**Student:** 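Please read through the structure below; I'll follow up with questions.
Note that the structure is predicted; figures quoted are calculated from it, not measured. Numbers restart at 1 for each chain; the letters A, B, ... are given by sequence-line order, proteins then strands.
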Amino acid sequence: MANFELYKGPYNPQITEPAVLEFWEKNPFFKPEYNPEKQELDTTEELKQYLHGHPERRFVIIDPPPNAYGRPHLGNISGYSYQDLLGRFWRMKGKRVLLFPGKDHAGIQGEIVVLREHFRPQGKSKATMSRDQFYKETYDYFTGMMAEALKDEKRIGLSADFDRNVFTLDPTIVDNVLSTFIQLYDKEKVYKGVRIVNWCPSCKTALADIDTEKKEREASMYYLKYPLKNPVGNHTHITVATTRPETMLGDTAIVVNPEDDRYKELHGQIVILPLVNREIPIITDGQVDTSVGTGCLKLTPAHAPEDYEIMLRWNENNPNNQVDWINVIDPEGKMCGPIGKYKGLTTIEAKEAVLTDMKALSLFEKEETISQRIPVCERCKTIIEPLMSSQWFIKIDDMKSKAIQAVKDGDISIHPKYMTKKYNHWMKNLRDWPISRALWWGYRFPVWYKGEIETTYNEEGKVVELINGVQVTDFADAVQKGLAQVSKTSPGSEWIQDENVFDTWFSSGQWPYVTLEKEGLLDVMYPTDTMETGYDILEFWVSRMIMLGLFRTNQIPFKDVYLHGIVKAPDGQKMSKSKGNVITLDDLVGQYGADAIRLLYIVGNKAGASYRIDSDKLAGNRNFLNKLWNAAKYVNFSTQDLSAPWEIEESSLSFEEADRQILQKARDIALQVEQKIKKFRFGIVAVDLIQSFWHDFCDTYLEQVKQRLYTKDKEGNPINNSPEAIASRKAGQWTLWYVLGVYLKSLHPYIPFITEYLWDSYPKASTESKTLSYASWPVTEETS
RNA sequence: GGGAACAUAGCUCAGCUGGUUAGAGCAUUCCGUUCACAUCGGAAAGGUCACAAGUUCGAAUCUUGUUGUUCCCACCA
């Protein structure tokens, strides 16, 4: 027993919650190995044997790993509240529950934070360290920070198996993730290809679209004339509009809308690209907006993603009339390729030179100011330079169709249901996944080159890779020439490892099975039950877990996806440091306690809906907890002379109508709670549960039964001493005791601290669980 | 441009597959309360369920359209 005191005065979470936390810390309740019948741990082997025999008796949630370098924000915390609610509910329903906590190394963001927060204050940077030094020190820094995060997870009441907390860069995890890459390679689902990428000239890395953001700025739009090779009618030239004149050196076509009457007679004509005198064709594409600029688009596939798309589309439909690309900007931001005297200039110098030269040739028409939104690096805010680069890709075609099918067939259900549409929409449009990042912090590619690998652009503006000075056409060619190899360990001293690390989603996308496999639990705990996370990473994370899970294990990684909304600041806006409206767990937990915060997240909320931090609601929640506290104390002292109530047969008692009603109501609400939790509608039913406790039990029943409980009137004269009154009093006491138990249990998944505290002094049989975590749910759902 | 959601009381929101008089919390007004709790209880007031048409015996709920708000994706040469 924990010996929690029912102290005088109002409920104070600052007293009760730390006491309960300590009780939970000292006991291994939250390990799936905990055997509630024996009240001690089974070995992991015994657990596995048990689950082999009873596969339905498990419930597993892999907690989404937050960034390891910081404390969880209130969004993470809200997720823990939902995960914990489900875990605690199923534990009470007799399942062996595992909530598996972890921490993420957070790729680009992690690298930037460690450089800024840890290395810069010491005067260190990537320039002053070796890669190994950086990795080791960062690893230590991150593992040190993790302890703080774990404290917060415990503080909110997460009943996870914290001994199993694991870092995404844990060596066993790394090994397993790399195995997936090798398997993908063996099945020819990985390739090294040339593609347009979002290149950050400052970070010197390729960025996924999601690592970029948009910035508004004023820019000049220049109208340039390109002469036609053979004038058609009164057309001697066409005019294009561009904000980046320097990229014209890489133009490979002019595109007009096929429906645009102004240019219909020019389809298929040839234009002489000024300054470099290259002949380029006029092609058509339906995406060209006739109202923008002149309706003529200069096509620079190597330096504009949309142009690249148009090129691919055109080439698909016109196999005999292919359009190519020419890369004219290198990763340093200098001009390159077949561009004559402009070669070697910076893009800014080249822009001036091109404009000057076009003016000299009288090919400059006009300039106007526009506002445009340009992509910048999400981390360092540098303007993105799209260019062609050699990158690793995963072919996702059949992975994605399997992932779509799994949801379509109902093997995986997404809550709320309408998010399924978002998922499908995203998946349908998904292309091959670029997975390489030029960083130091992450999983380095298990790829080796025999000598230095060098990526350059040749005189034609094409990407060329050289290994040890030998040109290779692609990775397969390099392997065949004995210059490259895929392997977790170095093939020999003269081999150099690929510099790239994996996109963070590649490792976190494998989280469900790599975590369980590390613990040797994959065979009995996979697929997991519920993936609970924010709806904002449905596409980025959940979709990848489904694809990679199906690839690696041939099984879905989880059966249900519950997506919670975004936590917003009291002003209704997104919390962000720049707005100065960030609220932390510390701000709230001292004032209201963890249970009240959990209620804020859960009560009245439904899947996918965002909600605000609202001090009125928090205060209301605290009031409710105080109500529960006082009611429990009242029941406790007014039933003190009722001995061993658990031994009393319900049928032997002389109930009054009020007793029967509250018994019925309490059982009804417990049943409803069970049904709604199973359907992931726990937030809605919580309102009814609280209402029922407060009004049916406290305001109505408790006030009524008081009259029957008094043994003395105000003057001290004995009352209620007839045999009928004594029997009625006993029935009332028993009802109070029983119904309080039903509410404590039903409320426990929502507010574990106060209920666990009150459970300690709640009269119960010696065979009852000493922790409410393993008290059995008060009702059994009729399956009929 | 493509996709999705939302629009219900002064505020924040419930209302699941259509079924009596549309609900809760907060706020407001009134009344009460020394025997668990003022972090209390009781009551009142407050809504053309955005608008329009349709389906139906019956619509806040289903369909279509309109208007407004929010989010995601793409794009703005």
**Student:** Ignoring hydrogens and geometry beyond distance, is a side-chain donor-acceptor pair present between A/D595 and A/Y750 at under 3.5 Å?
**Tutor:** no
**Student:** Within the pair A/R612 and B/C13, is there a side-chain N or O less than 4.0 Å away from OP1 or OP2?
**Tutor:** no
**Student:** Taking atom C1' in both B/A77 and B/U17, what distance in whole Å separates the two?
**Tutor:** 49 Å
**Student:** Contact class for A/I566 vs. all strands (heavy atom < 4.0 Å): base, sugar-phosphate, or nothing?
**Tutor:** nothing
**Student:** From CD1 of A/I690 over to C1' of B/C37, roughly how many Å is that when rounded to an integer?
**Tutor:** 17 Å
**Student:** Among the candidates B/G42, B/C73, B/C75, find the nucleotide nearest to the side-chain atoms of A/E306.
**Tutor:**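 Given the options B/G42, B/C73, B/C75, the side chain of A/E306 is closest to B/C75.
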**Student:** Could you write out RNA chain B as a dot-bracket string, with dots for unpaired bases, | for bases paired across to another strand, and Watson-Crick or G-U pairs counted at under 3.5 Å?
**Tutor:** (((((((..((((.....[...)))).((((((....).))))).....(((((..]....))))))))))))....
**Student:** To the side chain of A/R681, which of B/A77, B/A24, B/C16 is closest?
**Tutor:**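 Of the options given, the side chain of A/R681 lies nearest B/C16.
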**Student:** Would you say the side chains of A/T711 and A/N720 form a donor-acceptor pair under 3.5 Å?
**Tutor:** no
**Student:** What orientation do A/F680 and A/Y562 show, parallel under 30°, tilted 30 to 60°, or perpendicular over 60°?
**Tutor:**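 A/F680 and A/Y562: parallel rings.
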**Student:** Counting neighbours of NZ on A/K706 that are heavy atoms of other residues, nucleotides or ligands and sit closer than 6.0 Å, is the number greater than 12?
**Tutor:** yes
**Student:** Return the value, rounded to whole Å, for the distance between atom NZ of A/K568 and atom P of B/C71.
**Tutor:**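 To the nearest whole Å, that distance equals 7 Å.
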**Student:** Within the structure shown, what part of the strands sits under 4.0 Å from A/C698 by heavy-atom distance: base, sugar-phosphate, or nothing?
**Tutor:**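 Counting heavy atoms under 4.0 Å across all strands, the contact made by A/C698 includes a base.
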**Student:** Should we say atom NZ of A/K730 is surrounded by more than 12 heavy atoms from elsewhere, each under 6.0 Å from it?
**Tutor:**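 No, the 6.0 Å shell around NZ holds no more than 12 heavy atoms from other groups.
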**Student:** At 4.0 Å (heavy atoms only), tell me whether A/K627 reaches a base, stays on the sugar-phosphate, or touches nothing.
**Tutor:**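 Base contact.
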**Student:** Between C1' on B/C76 and NZ on A/K298, what's the gap in Å once rounded to a whole number?
**Tutor:**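 Nearest whole value for this atom pair: 15 Å.
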**Student:** Quick check with a 6.0 Å cut-off and a 45 degree axis cone: is A/R729 positioned over the face of A/W734's six-membered ring?
**Tutor:**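 So A/R729 doesn't make the cation-pi contact.
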**Student:** Assess, by modelled atom type and distance only, whether the side chains of A/K298 and A/T247 contain a donor and an acceptor separated by less than 3.5 Å.
**Tutor:** yes
**Student:** Checking all strands, does A/I684 fall into the base, sugar-phosphate, or nothing category for heavy-atom contacts under 4.0 angstrom?
**Tutor:**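 Sugar-phosphate, backbone atoms only, no base.
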**Student:** Side chain of A/K679, heavy atoms from C-beta onward: which of B/C16, B/C72, B/G42 has the nearest atom to it?
**Tutor:** B/C16
**Student:** Could you tell me whether A/A631 contacts a base, only the sugar-phosphate backbone, or nothing, with contacts defined as non-hydrogen atoms closer than 4.0 Å?
**Tutor:** base
**Student:** Please determine, for the side chain of A/F637, which listed nucleotide (B/U39, B/C16, B/A36) has the closest atom?
**Tutor:**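 My answer, after comparing the listed nucleotides, is B/A36.
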**Student:** Please compare A/Y611 and A/M419 by the position of their nearest nucleotide in RNA chain B and report the one closer to 5'.
**Tutor:**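 With A/Y611 and A/M419 compared, the 5'-side residue is A/M419.
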**Student:** Starting at CD1 of A/I254, measure out to CG of A/L273 and round the result to the nearest 0.5 Å.
**Tutor:** 7.5 Å
**Student:** Could you state the atom-to-atom distance from OH of A/Y7 to P of B/A36 in whole Å?
**Tutor:**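 Those two atoms, OH and P, are 19 Å apart.
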**Student:** Under 4.0 Å, counting only non-hydrogen atoms across every strand here, what does A/D699 touch: a base, just sugar-phosphate, or nothing?
**Tutor:**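 The residue A/D699 makes sugar-phosphate contact but no base contact.
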**Student:** Expressed as a whole number of Å, how far does the P atom of B/G15 sit from that of B/A50?
**Tutor:**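 Approximately 15 Å lies between the P atom of B/G15 and that of B/A50.
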**Student:** Mind checking the P distance from B/U64 to B/G3? Whole angstroms is fine.
**Tutor:**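 Taking atom P in both B/U64 and B/G3, they lie 13 Å apart.
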**Student:** A/W694 side chain N/O closer than 4.0 Å to the phosphate oxygens (OP1, OP2) of B/C40?
**Tutor:**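 Checking B/C40 against A/W694, no side-chain N or O comes under 4.0 Å of OP1 or OP2.
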**Student:** Name the nucleic acid region contacted by A/S638, choosing base, sugar-phosphate or nothing; use a 4.0 angstrom heavy-atom cut-off, strictly under.
**Tutor:** nothing
**Student:** Check whether any side-chain nitrogen or oxygen of A/K706 sits under 4.0 Å from OP1 or OP2 of B/A36, and answer yes or no.
**Tutor:** yes
**Student:** Is A/Q691 near enough to B/G25 that one of its side-chain N or O atoms lies under 4.0 angstrom from OP1 or OP2?
**Tutor:**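 For A/Q691, the contact criterion (side-chain N or O under 4.0 Å from OP1 or OP2 of B/G25) is met.
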**Student:** In whole angstrom, what separates A/L538's CG from B/G3's C1'?
**Tutor:** 13 Å
**Student:** Would you say A/K421 places a side-chain N or O within less than 4.0 Å of OP1 or OP2 belonging to B/A5?
**Tutor:** yes
**Student:** Classify the side chain of A/E703 and the base of B/C35 as holding, or not holding, a donor-acceptor pair under 3.5 Å.
**Tutor:**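 Absent.
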**Student:** How far, in whole Å, is B/G25 from B/G42 if one measures between their P atoms?
**Tutor:**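 So the two P atoms sit 10 Å from each other.
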**Student:** Where does the angle between the aromatic ring planes of A/W629 and A/Y757 fall among parallel (under 30°), tilted (30 to 60°) and perpendicular (over 60°)?
**Tutor:** tilted
**Student:** Could you check how far CG of A/L599 sits from C1' of B/U39, rounded to whole Å?
**Tutor:**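 Spelled out: CG on A/L599 to C1' on B/U39 is 15 Å.
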**Student:** Which nucleotide in the set B/C75, B/C37, B/C71 lies at the smallest distance from any side-chain heavy atom of A/N626?
**Tutor:**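 Selected nucleotide: B/C37.
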**Student:** For B/C13, take OP1 and OP2 only and decide whether either is under 4.0 Å from a side-chain N or O of A/K606.
**Tutor:** no
**Student:** Output yes when A/E674 and A/K676 qualify as a salt bridge under the 4.0 Å nitrogen-oxygen rule, no when they do not.
**Tutor:**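 No, this pair does not count.
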**Student:** Can you check the distance between B/U28 and B/A45, where both ends of the measurement are the C1' atom (answer in whole Å)?
**Tutor:**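 The answer is 8 Å between these two C1' atoms.
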**Student:** Is the phosphate of B/U39 approached by A/N630 (side-chain N or O, under 4.0 Å from OP1 or OP2)?
**Tutor:**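 No, outside the criterion.
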**Student:** Roughly how many Å is it from CG in A/L600 to P in B/U12, rounded to a whole number?
**Tutor:** 15 Å
**Student:** Given that A/A632 and A/C296 both sit by RNA chain B, which one's nearest nucleotide is further toward the 5' end?
**Tutor:** A/A632
**Student:** Work out how far the C1' atom of B/G68 is from that of B/A52, and round it to whole angstrom.
**Tutor:**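 So the two C1' atoms sit 15 Å from each other.
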**Student:** Pick the P atom in B/A36 and in B/A44, then give their distance to the nearest Å.
**Tutor:**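 Taking atom P in both B/A36 and B/A44, they lie 27 Å apart.
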**Student:** Taking B/A4 as the reference, what is the distance to B/U48 when you measure between their C1' atoms (whole Å, please)?
**Tutor:** 29 Å
**Student:** Between P on B/C72 and CG on A/L430, what's the gap in Å once rounded to a whole number?
**Tutor:** 19 Å
**Student:** State which of B/G2, B/A24, B/A4 makes the closest approach to the side chain of A/Y418.
**Tutor:** B/A4
**Student:** So if I take every side-chain heavy atom of A/K617 and compare against B/U12, B/C35, B/A77, which nucleotide ends up nearest?
**Tutor:** B/U12
**Student:** Counting only heavy atoms not in A/K408, do more than 12 sit closer than 6.0 Å to its NZ atom?
**Tutor:**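 No, not enclosed.
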